[in-house]
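Chain identifiers are assigned alphabetically (A, B, ...) following the order of the sequence lines, protein sequences preceding nucleic acid strands; residue numbering begins at 1 within each chain.
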2 protein chains.
Amino acid sequence: MSASVQPDLQSTSPFRTAEQREADRAAKRNALLLAAARMFNARGFHATSLDDVAASVGVTKPTIYHYLGNKEQVLIECMTIGLIQLQEAAAAARAEPGTAMERLCSFLRRYAEVNMAEFGQCVIRTGDELLSPEGLEKLRSLKRPIDAAMRSFIVEGIEEGSIVSADPKMLAFTLAGALNWPGRWYRPDAGSPPSEIATAMVDILMQGFAARR
Amino acid sequence: MSASVQPDLQSTSPFRTAEQREADRAAKRNALLLAAARMFNARGFHATSLDDVAASVGVTKPTIYHYLGNKEQVLIECMTIGLIQLQEAAAAARAEPGTAMERLCSFLRRYAEVNMAEFGQCVIRTGDELLSPEGLEKLRSLKRPIDAAMRSFIVEGIEEGSIVSADPKMLAFTLAGALNWPGRWYRPDAGSPPSEIATAMVDILMQGFAARR
DNA sequence: AATGCAATATACTCATGAGTATATAAACTG
DNA sequence: CAGTTTATATACTCATGAGTATATTGCATT
């Protein structure tokens, strides 16, 4: 994209190009966000001080303000990353071949997995109460298309006959609720990996718990 | 229980018996807890000050300390009420006639309803992070029998053939997750009443979303 | 070399809110 | 009535933690 005549430096050179510095900066920013997400998940937003987040990365608080603005911004940024991952999951599922039902399942599995990852957990664990009206509105506008995607898979599936006919809104609430919840209890070390949990839960939701005769 | 020879006073008498005073005290305590639960749900635990809770009932902070101890105690007390309601739901369902599957459904519906009520919402919205180790342990011991009850309905149902054969733990997680989630978004005014939401969700979970052919 | 901007630290300010010491009034007990 | 307990208020203390003012270093651009 850039037409600047930067020679292809040996990667060991101590002189960095503008791109490298840019990347550097992004890497630091991301490291701060990841550290913050982990601590928010572990202790909760209010119980996490920016001093602690900074210290866990080996810097001090003003550095966070330099890269990210205020505390709410940090949280919003973390949640935004999680929500973008969910949007990507929806887009990927939409592009798949097969029935709407298959696309829905595929989306749901990925949805559950994202909710068990650091940034996804932030999304799940952050209640609306914690955000300013502006922040809330920003995040709502990121959540809306995800919910819309889920409902559109459902509506398509009902039309095509692969999904049971039910109120799409209530069905979406139920599925989302079930697959959000692991974001509340999942811990990276213990038990089955997220992909297994996701698969098992989606199977249950698909089949229902009533035995078929 | 008391053998004291209190005459049966006219209820309009300004002189209260020990029982009446006791009841009085309990009523005040409950009013404080309800006010606290509402504010915790509306703003989150950390964002709620005991000054505000007290003011919302027309008293001041020391009164709360008089009736309830410290802030964590207030929260734990609220959650305990919710958890006892869930335990009662389990006991009631266990006593019902019919198949294990029917008892499970009945339990689940009530479970969902409790989660949409004030004290139940407190249970759902309070993450483990917010509690001291001791508080956490106390609540865990109240939660355990509820989870155990759900699993026992499931296991019975599988044995009797009315419930689909699946990992009971994973099935319980999935059902609980789905029915916990309304505690996060339900607002008493808007939309359908809790009983309708509960019924609709349990139906969906029972049948699954895959159309039967 | 001079100037400016990027990155980071130290060392503050300031508000909030949990928890408490103490006073007081009413109600109950003997 | 005297003494004690209960219920409640006023008016503190004190820690924490968000956010900021300011200094420092060093690279970058001319």
Chemist: For B:His46, give me all partners under side chain to side chain contact (heavy atoms under 4.5 Å, CB included), at least two apart in sequence or on another chain.
Modeler: A:His46, A:Ala47, B:Leu130
Chemist: Would you mind building the protein contact string for nucleotides 7-14 of chain C? One character per nucleotide, 5' to 3', B for base within reach (heavy atoms under 4.0 Å), S for sugar-phosphate only, - for untouched.
Modeler: SBBB----
Chemist: How would you list all residue pairs meeting ring-ring contact (aromatic ring centres under 6.0 Å, His included) that involve residues 100-131 of chain B, not counting sequence neighbours?
Modeler: B:Phe107-B:Tyr111, B:Phe107-B:Phe153
Chemist: Below 4.0 angstrom, which residues in residues 68-81 of chain B have at least one non-hydrogen atom near DNA chain D?
Modeler: none
Chemist: Would you work out how much the helix from C:dA1-D:dT30 to C:dG30-D:dC1 bends between its ends, with each end axis defined by five base pairs, to 10 degrees?
Modeler: 0°
Chemist: Give every residue pair that meets the salt bridge (charged side-chain N to carboxylate O under 4.0 Å, His left out) criterion with at least one member in residues 179-202 of chain A, sequence neighbours excluded.
Modeler: none
Chemist: Among side-chain atoms of A:Glu72 and A:Ser132, is any donor-acceptor pair under 3.5 angstrom?
Modeler: yes
Chemist: Please report the distance, rounded to the nearest Å, between CD in B:Glu22 and P in C:dC28.
Modeler: 14 Å
Chemist: Can you measure B:Leu32 atom CG to D:dA7 atom P for me and round it to whole angstrom units?
Modeler: 12 Å
Chemist: Output all residues satisfying side chain to side chain contact (heavy atoms under 4.5 Å, CB included) with A:Ala36, sequence neighbours left out; order by chain, then residue number.
Modeler: A:Phe40, A:Val53, A:Val74, A:Cys78
Chemist: A:Ala117: what forms a side chain to side chain contact (heavy atoms under 4.5 Å, CB included) with it, not counting sequence neighbours?
Modeler: none
Chemist: How long is the line joining OH of A:Tyr65 and C1' of D:dG19, in whole Å?
Modeler: 5 Å
Chemist: Any salt bridge linking B:Lys143 with B:Asp147? Criterion: basic side-chain nitrogen under 4.0 Å from a carboxylate oxygen.
Modeler: no
Chemist: Going by the rule salt bridge (charged side-chain N to carboxylate O under 4.0 Å, His left out), which residues pair with A:Glu137 if we only count those two or more places apart in sequence or in a different chain?
Modeler: A:Arg144
Chemist: Grab the two heavy atoms, one from A:Asn41 and one from A:Cys122, that are nearest each other, plus how far apart they are.
Modeler: OD1-N, 3.3 Å
Chemist: Between atom CG of B:Asp167 and atom CD1 of B:Ile154, what is the distance when rounded to the nearest 0.5 Å?
Modeler: 9.5 Å
Chemist: Enumerate the residue pairs fulfilling salt bridge (charged side-chain N to carboxylate O under 4.0 Å, His left out) with a member in residues 44-59 of chain B, sequence neighbours excluded, ordered by first and then second residue.
Modeler: B:Arg43-B:Asp52, B:Asp51-B:Lys61
Chemist: Which pairs count as ring-ring contact (aromatic ring centres under 6.0 Å, His included) when at least one residue sits in residues 54-73 of chain A, sequence neighbours excluded?
Modeler: none
Chemist: With a 4.0 Å heavy-atom cut-off, tell me which residues in residues 44-56 of chain B come close to DNA chain D, sorted by residue number.
Modeler: none
Chemist: Decide, yes or no, whether a salt bridge links A:Arg103 with A:Glu96 under the criterion of side-chain N to carboxylate O below 4.0 Å.
Modeler: no
